[in-house]
Amino acid sequence: MAEITASLVKELREKTGAGMMDCKKALAETNGDLEGAVDWLRKKGLAAAAKKAGRVAAEGLVAVKAEGTKGAVVELNSETDFVARNDTFQEFVAEVAEVAFSVDGDLEATKVAQLPSAGKSVQDALTDLIGTIGENMNLRRAGGVSVSKGVVAAYVHNAVKPGLGKIGVLVGLESEGDVAKLEDLGKQIAMHVAAANPQFLTVDTVDTSAVDREREVLSEQARASGKPEEIIAKMVEGRLRKFYEEVVVLEQPFVMDPDRKVKKVLEDAAKEVGAPVTLAGFQRIALGEGVEKKEEDFAAEVAAARGA
């Protein structure tokens with residue numbers, strides 16, 4: 001058997017973009033024949049998937065799975081919205097959410113966990129799907145919420161099917177109150193989170209550097225007014241309260257009743273559900289959030305092609 005050297009593996013990786021372990025296996029299967037290994041990878045769909053990996057995947061779907069006291073949410077990206085409407089893709093995303101639910105929303109654990117319908121890991125099944133559909137895809141994010149008692153409620157915005165859409169939200173409510181009423185309340189809070197996009201649960205959890213940066217900016221703005229320092233300090237604190245109302249879910253005006261903050265909605269709900277209610281946590285994933293989409297200039301492409 002031919003020796004599988006590191007340089008040979010490196011060369012195959014550069015030619016195909018496939019993973020190191022896949023390249024080593026391909027070379028072993030073909031007794032060190034480089035071109036044969038390229039073909040082996042192509043037949044397995046691994047080279048094709050790797051080549052597609054450089055293309056921007058910002059479309060796709062977000063899926064949620066919530067049941068009882070826990071829930072999970074995942075984001076699976078594709079290159080086009082057309083693929084997101086594909087039944088095979090939708091079924092795949094929904095099953096990945098089930099897998100994520102079983103591992104408490106841990107992204108890396110989800111990737112290596114077995115996808116029941118495929119009999120292989122989620123990541124390997126995704127590689128196969130890329131080869132079948134012909135687009136780059138990426139299991140980009142996953143998250144989970146759980147409570148010791150109460151409910152985890154879910155909401156999907158722009159749903160294409162139950163549990164599948166463009167924005168997925170999980171909300172965990174800790175309470176010993178009526179479960180059905182907690183479910184209704186949780187759904188309303190989840191809809192609020194989808195609309196208001198809070199970044200933090202409580203004032204205490206706001207990133208210290210974010211507060212310091214905001215305080216510095218507000219102080220400079222206030223000093224421009226020429227007022228005394230003691231007045232400036234009060235102005236800054238007043239404006240910081242407004243900042244908290246923008247980023248902290250409990251401090252935000254409730255979208256369905258702006259006269260009450262979310263924390264007041266929870267306080268008032270205690271009588272209705274029969275016990276105190278605490279917002280223990282939330283997860284919000286919006287499709288393609290933070291992905292820099294490539295701007296396509298079709299006219300420029302045509303002009304460039306003509307000049308070539």
Side-chain angles (χ1 to χ4, degrees), residues 59-76 81 84 90 93-94 97-98 100-101 105 141-147 149-175 177-203 205-206 242-290:
E59 297 295 336
L61 286 170
V62 174
V64 298
K65 162 74 175 178
E67 189 176 297
T69 57
K70 74 174 188 174
V73 56
V74 299
E75 176 189 13
L76 189 70
D81 186 55
Q90 291 178 359
V93 182
E98 294 274 356
F101 180 82
R141 290 185 288 177
V145 173
S146 63
V147 294
K149 54 189 175 182
V151 301
V152 171
Y155 170 69
V156 172
H157 189 63
N158 287 341
V160 295
K161 282 184 179 178
L164 296 173
K166 301 295 185 183
I167 300 176
V169 178
L170 298 172
V171 163
L173 297 180
E174 290 266 8
S175 179
D178 183 275
V179 172
K181 291 177 179 178
L182 283 170
E183 284 278 3
D184 290 340
L185 176 62
K187 177 75 174 292
Q188 292 182 19
I189 300 296
M191 292 172 74
H192 167 90
V193 170
N197 191 19
Q199 304 300 304
F200 305 96
L201 180 61
T202 66
V203 170
T205 59
V206 177
K242 184 67 175 175
F243 168 69
Y244 289 134
E245 286 181 1
E246 293 174 357
V247 300
V248 176
V249 62
L250 291 174
E251 302 299 322
Q252 290 178 329
F254 187 45
V255 292
M256 298 177 190
D257 183 3
D259 291 333
R260 292 188 297 167
K261 291 185 177 181
V262 171
K263 63 182 177 183
K264 184 68 165 68
V265 172
L266 294 170
E267 289 171 13
D268 294 346
K271 292 179 182 178
E272 181 71 19
V273 303
V277 184
T278 301
L279 179 58
F282 70 91
Q283 286 277 347
R284 179 188 187 275
I285 291 182
L287 181 67
E289 199 170 43

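What you find for Leu287 and Leu61 is that their closest heavy atoms are CD1-N, 3.6 Å. When all heavy atoms of Ala154 and Leu170 are compared, the closest pair comes out as CB-CD2, 3.9 Å. In terms of heavy-atom proximity, Tyr155 sits nearest to Ala190 at CB-CB, 3.6 Å. Residue Val249 comes nearest to Phe282 through the heavy atom pair CG1-CE2, 3.8 Å, listed as atom of the first residue, atom of the second, then distance. Annotation for Val93 and Ala63: closest pair CG1-CB, 3.5 Å, computed over non-hydrogen atoms. Contact between Ala72 and Ala97 at its shortest, heavy atoms only, is CB-O, 4.3 Å.
In this structure, Glu75 contributes its side chain and Ala142 its backbone to no donor-acceptor pair below 3.5 Å. Under a 3.5 Å cut-off, the side chain of Thr69 and the backbone N or O of Val151 do not form any donor-acceptor pair. Arg141 places a side-chain N or O within donor-acceptor distance of the main-chain N or O of Ala286, the cut-off being under 3.5 Å.
The shortest distance between side-chain heavy atoms of Val156 and Leu164 does not fall below 4.5 Å. Counting heavy atoms from C-beta on, the side chains of Ile167 and Glu289 never come closer than 4.5 Å. Contact annotation: the side chain of Val169 never approaches that of Val73 to less than 4.5 Å [non-hydrogen atoms, C-beta and beyond]. By the 4.5 Å heavy-atom criterion applied to side chains, Lys65 and Lys70 are not counted as neighbours. Between Val171 and Leu279 there is a side-chain heavy-atom pair separated by less than 4.5 Å. Side-chain contact between Leu250 and Phe200 is absent, with no heavy-atom pair separated by less than 4.5 Å.
Environment of NZ in Lys242: sparse, with no more than 12 heavy atoms of neighbouring residues, nucleotides or ligands closer than 6.0 Å.
Among Arg260, Lys263, Lys261, the single residue meeting the salt bridge (charged side-chain N to carboxylate O under 4.0 Å, His left out) criterion with Asp268 is Arg260.
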Legend entry - side chain to side chain contact (heavy atoms under 4.5 Å, CB included) evaluation trace for Met191 with Val255: CA-CA 9 Å; Met191 292 172 74; Val255 292; 5.8 Å; no
Legend entry - Worked verdict on Val265 versus Leu185 for side chain to side chain contact (heavy atoms under 4.5 Å, CB included): CA-CA 9 Å; Val265 172; Leu185 176 62; 4.1 Å; yes
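Put simply, NZ on Lys149 and CG on Leu173 are 13.0 Å apart, with the number rounded to the nearest 0.5 Å. Here Lys264 contributes atom NZ and Asp259 contributes atom CG; the two are 11.0 Å apart, rounded to the nearest 0.5 Å.
Pairs of residues two or more places apart, or lying in two chains, that qualify as side-chain hydrogen bond (donor to acceptor under 3.5 Å, both in side chains) and include a residue from residues 187-198 are His192-Gln252, Asn197-Gln199, Asn197-Arg284.
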